[in-house]
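See below for the structure under consideration.
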Amino acid sequence: NSIPRIGKTIALVVLVVVIVYVGLMISSNFRSSSNATKFGLQDMGELITQTAFVTEVQDSRDDREFFKLFKIPFTESRMIFSYDFTVDASVNFEKITYRVNDEKKEIKVKLPHARHYKTTPDFTSQKVYLDEDNLFSRIDLKEQNEAMIKMQTNATNTAIENNLLEAADKNAQRIITAMFKSDSNRKDYKVIYTYID
């Protein structure tokens, strides 16, 4: 009689272990899915939400002067060239917070405005329209670098003046709204945005 009792005891222990294991798995999965949207927003970090493409033309001149009184004739070097620039704007998704109101079916989101992220020149896009070199005054590497920095700044300003940051804000809202709407339980919720800066 003792052998069947041991068998029943082992079977009961195994059954309890299986139930506890399954219960832990269900609990773990439930916690993970309930925070999916929050983790998704945080994991994005700094997200580029808008890109502008700008072409900048630079007219560089260098000449000799006579004691800064007048330019010496026939000593001018001149170069007119252009580069294409990619100007990116981004939103810091790590700073986004939100609150869900299930009774009103609303999601209130607080987020930072988009900001300029970086401006990148495409060196393969260079076009030279004029290159007149003079033996007495050459445009050196330092002057070319200064011209590139100026072009990069101008490209950034041009993109911002043409609503780069506003478009980036709108795209960030579209991305966030799409993430919330992907949850079937909240696809009909209204998403309200306010900015923290």
Side-chain angles (χ1 to χ4, degrees), residues 12-57 82-125 148-197:
L12 185 61
V13 169
V14 169
L15 183 62
V16 170
V17 169
V18 169
I19 290 170
V20 170
Y21 177 77
V22 171
L24 288 173
M25 291 299 292
I26 292 170
S27 176
S28 175
N29 287 336
F30 175 75
R31 283 196 301 272
S32 175
S33 63
S34 68
N35 291 327
T37 306
K38 185 176 181 182
F39 287 137
L41 290 172
Q42 290 175 339
D43 290 345
M44 285 184 175
E46 195 82 22
L47 184 71
I48 293 171
T49 56
Q50 186 69 28
T51 299
F53 301 96
V54 181
T55 300
E56 281 291 319
V57 179
S82 70
Y83 279 102
D84 295 338
F85 291 84
T86 302
V87 186
D88 295 320
S90 66
V91 173
N92 188 346
F93 272 55
E94 291 179 349
K95 292 185 177 180
I96 296 173
T97 59
Y98 66 91
R99 183 168 291 178
V100 179
N101 188 325
D102 291 316
E103 290 181 5
K104 292 183 178 180
K105 291 192 172 183
E106 286 181 350
I107 302 170
K108 291 186 177 180
V109 180
K110 290 184 179 180
L111 72 164
H113 276 293
R115 62 182 179 177
H116 170 248
Y117 183 64
K118 65 178 178 178
T119 301
T120 309
D122 177 5
F123 291 104
T124 63
S125 68
M148 176 59 75
I149 292 168
K150 183 179 177 182
M151 293 172 78
Q152 202 164 342
T153 302
N154 289 344
T156 301
N157 292 337
T158 298
I160 290 172
E161 287 165 8
N162 285 275
N163 302 318
L164 171 72
L165 301 182
E166 290 81 356
D169 278 342
K170 288 179 182 176
N171 280 339
Q173 289 187 18
R174 287 191 193 103
I175 293 167
I176 296 166
T177 299
M179 289 184 71
F180 284 119
K181 299 287 185 183
S182 67
D183 181 352
S184 59
N185 296 323
R186 294 172 179 167
K187 63 181 180 180
D188 298 324
Y189 282 36
K190 183 179 181 182
V191 185
I192 302 166
Y193 294 93
T194 56
Y195 286 90
I196 59 177
D197 57 4

Between Thr119 and Gln152, is a side chain to side chain donor-acceptor pair (under 3.5 Å) present by the stated rule, with each step listed? CA-CA 7 Å; Thr119 301; Gln152 202 164 342; 5.4 Å; no
Between [X] and [Y], what is the shortest heavy-atom contact and its length?
X: Ala89; Y: Leu165; result: CB-CD2, 3.8 Å
X: Asn101; Y: Tyr189; result: O-CE2, 4.1 Å
X: Thr49; Y: Ala168; result: OG1-O, 3.0 Å
X: Tyr83; Y: Asp122; result: CD2-O, 3.6 Å
X: Ala114; Y: Asp169; result: N-OD1, 2.7 Å
X: Ala172; Y: Val91; result: CB-CG2, 3.8 Å

Tyr193 and its side chain to side chain contact (heavy atoms under 4.5 Å, CB included) partner, picked from Ile176, Ile107, Ile96: Ile176
Only one of Asn157, Asn162, Ile160, Val54 passes side chain to side chain contact (heavy atoms under 4.5 Å, CB included) with Val87; say which it is. Val54
Rounded distance (nearest 0.5 Å) linking atom [atom1] of [X] with atom [atom2] of [Y]:
X: Lys108; Y: Thr97; atom1: NZ; atom2: OG1; value: 12.0 Å
X: Asn92; Y: Leu47; atom1: CG; atom2: CG; value: 10.0 Å
X: Phe93; Y: Met179; atom1: CZ; atom2: CE; value: 7.5 Å
X: Gln50; Y: His116; atom1: CD; atom2: NE2; value: 13.0 Å
X: Thr156; Y: Glu56; atom1: OG1; atom2: CD; value: 9.0 Å
X: Thr120; Y: Asp84; atom1: OG1; atom2: CG; value: 12.5 Å

Test Ser90 against Ile48 for side-chain contact (heavy atoms from CB on, under 4.5 Å), laying out the working first. CA-CA 4 Å; Ser90 66; Ile48 293 171; 4.3 Å; yes
Quick one: do Lys118 and Glu46 satisfy salt bridge (Lys or Arg N to Asp or Glu O under 4.0 Å)? Show the steps, please. CA-CA 12 Å; Lys118 65 178 178 178; Glu46 195 82 22; over 6 Å; no
Heavy atoms of other groups near Lys181 NZ, more than 12 under 6.0 Å: yes
Between the side chain of Thr177 and the main-chain N/O of Arg174, is any donor-acceptor distance below 3.5 Å? no
Quick one: sort the Tyr98 and Phe180 rings into parallel, tilted or perpendicular, breaks at 30° and 60°. perpendicular
Evaluate Thr55 against Phe85 for side-chain contact (heavy atoms from CB on, under 4.5 Å), listing each step before the verdict. CA-CA 6 Å; Thr55 300; Phe85 291 84; over 6 Å; no
Do Met151 and Pro121 have side chains that approach each other closer than 4.5 Å (heavy atoms only, starting at C-beta)? no
